[in-house]
Protein chains: 2
Amino acid sequence: MNPAEPPQPPRRPTMADVAAAAGVSRALVSIVIRGAEGASDATRRRVLQAAKDLGYRPDTRARLLRSSRTRLIGVVFNVTEPYHAELVELLYEAAAAERYAITLSATGPRRGEREAVESLLDLGVEAAVVIAPTSPTAELAALPVPVVSMLRAPGGGAVASVASDEAAGIRLAMDHLHGLGHRRIAHLDGGAAVGSAARRTAYLAWMADAGEAAQVIPGGPLESDGSRAAAMLLASMGRPPAGAGREGNTQAGHATYAGHGGTASGAPGAPTAVVVFNDRSALGALDTFRRAGLGVPGELSVVGYDNSRMARLEHINLTSIGQDGPALAAAAVRSAAARIAGAAAEDVVIPPSLEPGGTTARLTPPGR
Amino acid sequence: MNPAEPPQPPRRPTMADVAAAAGVSRALVSIVIRGAEGASDATRRRVLQAAKDLGYRPDTRARLLRSSRTRLIGVVFNVTEPYHAELVELLYEAAAAERYAITLSATGPRRGEREAVESLLDLGVEAAVVIAPTSPTAELAALPVPVVSMLRAPGGGAVASVASDEAAGIRLAMDHLHGLGHRRIAHLDGGAAVGSAARRTAYLAWMADAGEAAQVIPGGPLESDGSRAAAMLLASMGRPPAGAGREGNTQAGHATYAGHGGTASGAPGAPTAVVVFNDRSALGALDTFRRAGLGVPGELSVVGYDNSRMARLEHINLTSIGQDGPALAAAAVRSAAARIAGAAAEDVVIPPSLEPGGTTARLTPPGR
DNA sequence: ACAGACTACTAGATCGATCTAGACACGGTG
DNA sequence: CACCGTGTCTAGATCGATCTAGTAGTCTGT
């Protein structure tokens, strides 16, 4: 009721307020809040109670500014990539387990990697995790904090990396198809995307080992790339795609070719299975195959890569190579923590696994 | 060469370093860096040059801590929602245009909205933009900073909102289909998802006005929801879905029903078009329809909602209601800025538009 | 010539935490 | 009893910026 009293500025309580309420010094409150040692159990309880009563929450800005250990890891991800989103979610959990906090910075068509990383540095992160980096390794290594690159193949020691074994993943896919009787297997590649070269090389090596003729169709990481590559593959099989006109690309669709019957279609030597660069691309390809009236997996088996949430949707149920996201995320955080603690950069390789789905099937003998 | 000198701590330069190099006070450097007035052009140039030479970058932590105007807007988004990702990207740009910075906080299966918002508050954001909030309006209104909710219908004044006109969007879809000759139009709804009720209501109202019998199939926001709802619709049309067995849900697929021919299939009164809650759901539905051998748009026209990047992929080319992302993002940032400046909460409604694609076509007369 | 206004600049307090150095109490030892 | 070690706690400096209040110096008008 004092007229001189300020009207009611609902100021957020600070450490000093808690200290006053609990009858201790600010420093002690800091100790208790951080969970550091140096306070008796009795006062610890008292301080925590006071903090709770006041609704105190530590101010991140002040903590970041003052403390030598911010316990903050920055994550750079491409906001247009669904699989990155999955990893981001897992990174939150993995970081929490190591008592680190995460702060995000997105890249995108109009926001570059450099910009994203620097905004993190200005915030005082102790390390940066960059998902599928496009910057050269040397540039990442030159940053003033340790960098962990995810999903990109090891770059030579200067930057820690966490990735799955691309070659092993492709071999899993090839072995799986081989076990189902497939011999003529094509590859729709990822073009210039991160990881594409490694997967293509592994495919070529496997085919060479098996003594089979390889067929690589240039593609890319997006649904549209897969769709386009699929159309090229169809053409090479002597099988026209669905719809002829330009405008009517979806009209009537598959009905045109649906009567073909079960197996072994098109030119002799046409592939009976394809391994696609990633799930997004595989989804585009699947769509194009099916609209052209090609039965999947009846006439053609398809394997993707990433085992993304999308691939696991029941109506899609794509056979895919899984990268074990939780393991990747945990390894990335551990690697970052280790480098912060002074360890040298290491390359972690996570073994991939094959997730069987409904888009691969045993090859039906042609002459049946 | 002085042995007492520390070996080489590559400390990041601070404002004091720049001040010393330029021969001015710290305060003046602050003025120049912020672009505030109160410095002559000559010194301004000198200070900027010194900053550049030293590679100075302002420390975000210190700036956030000290300044009353952090010019920081927090964005809460669901990392598993591709459409949110599109908006995030647009928000970065919209914020930059108003000289605000963005900081992200993701929600997800294991990270709630409350947690995400609070981490932003601890960072000192001046306002929060929450995309498709799930918390009750009252809870958002109780936060100590202004909140702008995106994509959720106006909640009654306490919280500013930016959303597209759901009812108008649905009407656009219905009018489009009506103009193509369709009369029996079904709706696959969004279940409990944000915005679903408004769209369903608008659909029912339109059908009532037109004197047609409405048919709402319960669905949801995900691909799998759309797929399931599509299967229900097929059943109601007396048309069995593709494949009979459980395991073989994709085998042979559409071939079973492909011979049906052009138009007007199934029970009398069966819909010739569907309006689906959103694009993701529509994609699932599309897949199920096509595998069942139902030609889209030959036998059934399909309209989605969001006009997402996915819908625009050339091989999908979904007719969809566009929410004008750039306008939404710009309005959200402007609204946040206005509330920070003291304005009352307002509800902004952005008119949607129809993006024609290849999944809708003129109805072929049944008795032709 | 002098008050008043304006411009260019600076010293020092401040934001809310952490960190360092040291005070104080208390029990055990020689 | 003096001394030491340990556990608990505090005063004050500090992080790197912004903000306030105030000081020179210049210009303007009468």
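Lettering follows sequence order; numbering is per chain, from 1.
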For [X] and [N], give me the distance from atom [atom1] to atom [atom2], rounded to whole Å.
X: B:R71; N: D:dT18; atom1: CZ; atom2: P; value: 13 Å
X: B:L28; N: C:dT7; atom1: CG; atom2: P; value: 15 Å
X: A:E37; N: C:dC19; atom1: CD; atom2: P; value: 14 Å
X: A:I31; N: D:dT10; atom1: CD1; atom2: P; value: 9 Å
X: A:I33; N: C:dT18; atom1: CD1; atom2: P; value: 8 Å
X: A:R69; N: C:dT18; atom1: CZ; atom2: P; value: 14 Å
X: A:L123; N: D:dA17; atom1: CG; atom2: C1'; value: 14 Å

Quiz prompt | Candidates D:dT8, C:dT10, D:dT18 - which lies nearest the side chain of A:S40 | solution = D:dT8
Quiz prompt | Selection from C:dC19, D:dC19, C:dA13 that lies nearest to any side-chain heavy atom of A:S68 | solution = C:dC19
Quiz item: Minimum heavy-atom separation for B:A95 to B:I102, with atom names?
Solution: CB-CG1, 3.5 Å
Exercise. Using a cut-off of strictly less than 4.0 Å, decide whether A:T14 has a side-chain nitrogen or oxygen near OP1 or OP2 of C:dG16.
Key: no
Self-check item: Short side-chain N/O contact from B:S67 to OP1 or OP2 of D:dA17, under 4.0 Å
Solution: no
Quiz item: Backbone N or O of A:R309 within a donor-acceptor pair of the A:E86 side chain at under 3.5 Å?
Solution: yes
Exercise. Return the residues of residues 41-66 of chain B meeting this criterion: a heavy atom under 4.0 Å from some atom of DNA chain C. Order them by number, or give none.
Key: B:T43, B:L65, B:R66
Between the side chains of [Y] and [X], is the shortest nitrogen-to-carboxylate-oxygen separation below 4.0 Å, so that they form an ion pair?
X: A:R152; Y: A:D347; result: no
X: B:R11; Y: B:D17; result: yes
X: B:R44; Y: B:E37; result: no

Quiz prompt | Of A:S30 and B:S25, the one whose closest DNA chain C nucleotide lies more 5' | solution = B:S25
Exercise. Kindly say whether, by distance alone, the side chain of B:R26 makes a donor-acceptor pair under 3.5 Å with the base of C:dT10?
Key: no
Exercise. Verify salt bridge (Lys or Arg N to Asp or Glu O under 4.0 Å) between B:R110 and A:E93, making sure each step is shown before the conclusion.
Key: CA-CA 8 Å; B:R110 280 172 290 279; A:E93 291 171 50; 2.6 Å; yes
Quiz item: Is B:A27 touching bases, backbone alone, or none of the nucleic acid, heavy atoms closer than 4.0 Å?
Solution: base
Quiz prompt | Side chains of A:S67 and A:R34, donor plus acceptor under 3.5 Å | solution = no
